[in-house]
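In what follows, every chain begins at residue 1, and chains take the letters A, B, ... in the order their sequences are listed.
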There are 2 protein chains.
Amino acid sequence: MSQFSTIARHSGISAWKQIADQISRSISSGEFDDTGMVPPEMVLAEKFGVNRHTVRSAIASLAEEGLLKRVQGRGTLIEKRERLIFPITRRTRFSEGLGKQGAEMSTRLISYEELEATQDIADALALPPGARILRLRTVGSADGQPVSTATSHFDKARFPRMAELVGRHHSVTKAFAAQGVDDYVRVSTEVTGRTAAVEEEAYLKLSPGSVVLVALSVNADLEGRRIQYSRSVFAADKISLKLDTASV
Amino acid sequence: MSQFSTIARHSGISAWKQIADQISRSISSGEFDDTGMVPPEMVLAEKFGVNRHTVRSAIASLAEEGLLKRVQGRGTLIEKRERLIFPITRRTRFSEGLGKQGAEMSTRLISYEELEATQDIADALALPPGARILRLRTVGSADGQPVSTATSHFDKARFPRMAELVGRHHSVTKAFAAQGVDDYVRVSTEVTGRTAAVEEEAYLKLSPGSVVLVALSVNADLEGRRIQYSRSVFAADKISLKLDTASV
DNA sequence: TCTATTTGTCTATATAACTAGACATATCCC
DNA sequence: GGGATATGTCTAGTTATATAGACAAATAGA
């Protein structure tokens with residue numbers, strides 16, 4: 001941490017939350033790797049210029065999340081978790097990328113609806129505005145832990161059974177295969193970040209104010225026809241995206 | 001937005017801040033594009049289940065940021081800003097990618113230091129641990145607006161004048177060219193997200209609690225030798241990263 | 001075993017955030 | 001012009017957050 005890590009008062013974020021975020025960042029950057037522990041509460045309190053109780057609130061929230069473990073008389077131990085790496089390549093599939101890191105992947109269908117293509121959907125799928133679209137909401141899990149939630153759009157005329165098939169196979173790739181698309185490629189991916197919406201917090205089991213990565217992506221079949229337009233939301237503290245530029 | 005109380009109490013994030021975030025998200029997703037205005041304060045207050053004054057605090061903070069403009073008797077107007085798109089390709093350069101969108105780019109050297117390579121730096125640059133490293137802190141701006149801040153690492157033996165040259169040319173690409181590297185390519189990019197550190201808030205002129213994208217990247221010369229290892233931090237509400245895999 | 005260190009718990013007080021209501025003032029539309 | 005709608009401002013009371021201090025209880029090391 002830097003010499004005088006300050007707390008912004010009246011910023012809409014309580015002091016303990018800001019301190020929790022800073023401790024979390026310090027842990028991620030390996031600042032306490034030598035001891036495997038967070039400094040004593042009194043030391044942190046002085047460093048941040050706050051009361052010890054405020055530091056305790058911060059530590060309590062991180063302990064609740066499982067990032068820290070407090071032992072009376074001893075100190076506060078770090079239970080470090082590495083982020084899963086989600087590779088984004090021309091051949092990106094949710095099930096494969098993380099699966100190679102030993103995680104058991106599955107996609108659960110939450111809901112679906114039918115709608116008319118708005119301008120952005122029509123552009124992405126190269127369809128006329130107003131075309132019938134199937135929108136699926138899914139949650140992707142690695143080893144039972146939800147790591148992403150996606151809203152995906154498909155041309156209803158071409159993939160009328162998408163919802164049913166994703167629900168049955170727990171995989172978009174398999175649902176495509178069952179509808180005659182044996183292979184497909186990622187065309188583009190645009191990534192940004194923001195705080196999670198309440199709905200996303202629920203699906204991804206995040207605490208309020210958690211940061212998420214938002215990826216807008218387009219897939220196409222091997223003839224170049226657009227088949228899927230998705231907005232995927234990843235829990236930023238569980239996932240990092242690896243962008244493959246091997247030969248772009 | 002959904003009907004239920006979408007504000008998490010006692011979460012460390014004040015009600016007005018959560019409401020500001022939600023309004024901001026709704027604007028980004030185009031929810032108010034038909035009117036170009038935010039709903040009246042009383043409507044929002046009822047929707048979020050809070051007092052009108054709390055909504056006013058949220059709107060005040062967004063107005064301060066320039067995202068909203070309030071007109072008495074009329075309503076609250078949206079001053080929409082699109083995110084700049086930062087393309088990530090094999091030939092990614094800070095100056096070029098955004099420049100194509102009509103922005104005037106520059107890189108300002110903030111500070112530099114010399115250090116011994118830690119394990120992660122040594123791995124990224126394919127150097128032995130303990131090798132002498134030059135670390136540069138820079139801020140990248142588009143049209144005078146800071147959009148990213150980077151901490152970059154170079155092999156001091158090969159690029160001893162890196163700090164001086166970046167400071168003079170306001171460009172890493174030009175600094176490389178002045179040291180015999182006419183062309184280079186992006187080897188890898190890994191992206192995650194978190195809230196900004198105090199230092200980053202200062203450099204990027206962000207409000208406390210802002211979300212940033214963090215990109216860890218490695219560049220290599222055309223012989224494949226690693227020449228740069230950077231951690232770049234982007235203001236997520238100003239920038240999105242785009243990976244084009246149309247022909248990887 | 002004794003002491004220093006560190007987390008756990010309690011009470012009390014001050015400050016900030018939120019609620020509640022009233023009324024002023026600017027804009028739009030009939 | 002006048003009514004309806006919307007933001008602007010003020011006062012007061014309540015609830016949540018942060019500060020302050022004291023002491024208990026568990027751990028580690030001399």
Q) Rounded to the nearest Å, what distance is computed from the CD atom of residue Q18(B) to the P atom of nucleotide dA17(C)? A) 14 Å

Q | Gap between atom CD of E79(B) and atom CD1 of I27(B) - 0.5 Å precision | A | 10.0 Å

Q: Quickly work out the I13(A) CD1 to dA16(D) C1' distance and round it to whole Å.
A: 17 Å

(Q) Rounded to whole Å, how long is the line connecting atom NE2 of H10(B) with atom C1' of dA18(D)? (A) 15 Å

Q: Pick base, sugar-phosphate or nothing for R56(B), based on heavy-atom distances below 4.0 Å to the nucleic acid.
A: base

(Q) For dT19(C) and T54(B) - does any side-chain N or O of the residue sit under 4.0 Å from the phosphate oxygens OP1/OP2? (A) yes

(Q) Just to be sure I understand the rule, does T76(A) reach a base, reach only the sugar-phosphate, or reach nothing, if contact means heavy atoms closer than 4.0 Å? (A) sugar-phosphate

Q: Let me know the distance between CE of M42(B) and C1' of dA4(D), rounded to the nearest Å.
A: 14 Å

Q. To the nearest Å, how far apart are E41(A) CD and dT5(C) C1'?
A. 12 Å

Q | Short side-chain N/O contact to dG8(C) OP1/OP2 from R70(A), under 4.0 Å | A | yes

Q | Between S217(B) and R231(B), a side-chain donor and acceptor under 3.5 Å | A | no

Q. For the pair made of CG in N51(A) and C1' in dA22(D), what is the distance, rounded to whole Å?
A. 13 Å

Q: Please state whether the base of dA6(D) and the side chain of Q72(B) form at least one donor-acceptor pair under 3.5 Å?
A: no

Q: Kindly say whether A236(B) contributes a backbone atom to a donor-acceptor pair with the side chain of S240(B) at under 3.5 angstrom?
A: no

Q.
For V50(B) and V38(A), find the nucleotide of DNA chain C closest to each by heavy atoms; which residue's nucleotide sits nearer the 5' end?
A. V38(A)

Q. Between atom CG in L77(B) and atom P in dT7(D), what is the gap in whole Å?
A. 10 Å

Q. Between the side chains of S207(B) and E201(B), is a donor N or O closer than 3.5 angstrom to an acceptor N or O?
A. no

(Q) If I take atom CG in residue L68(A) and atom P in nucleotide dT6(C), what distance separates them, rounded to the nearest angstrom? (A) 16 Å

Q: Between P40(B) and G12(B), name the one whose nearest nucleotide on DNA chain D is closer to the 5' end.
A: P40(B)

(Q) Taking the minimum atom-to-atom distance to the side chain of V71(A), which one of dT27(D), dC18(C), dT17(D) wins? (A) dT27(D)

Q: Determine whether any donor atom in the side chain of R52(B) lies under 3.5 Å from an acceptor atom in the base of dG8(D), or the reverse, and answer yes or no.
A: yes

Q. Does W16(B) place a side-chain N or O at less than 4.0 Å from the phosphate oxygens OP1/OP2 of dA17(C)?
A. no

Q | Check: Q22(A) main-chain N/O paired with S26(A) side-chain donor or acceptor under 3.5 Å | A | yes

Q: Could you pick out which residue, R74(B) or K17(B), lies toward the 5' side of DNA chain C when each is mapped onto its nearest nucleotide?
A: K17(B)

Q. Does the base of dG21(C) carry an N or O that pairs as donor and acceptor with the side chain of H53(B) under 3.5 Å?
A. yes

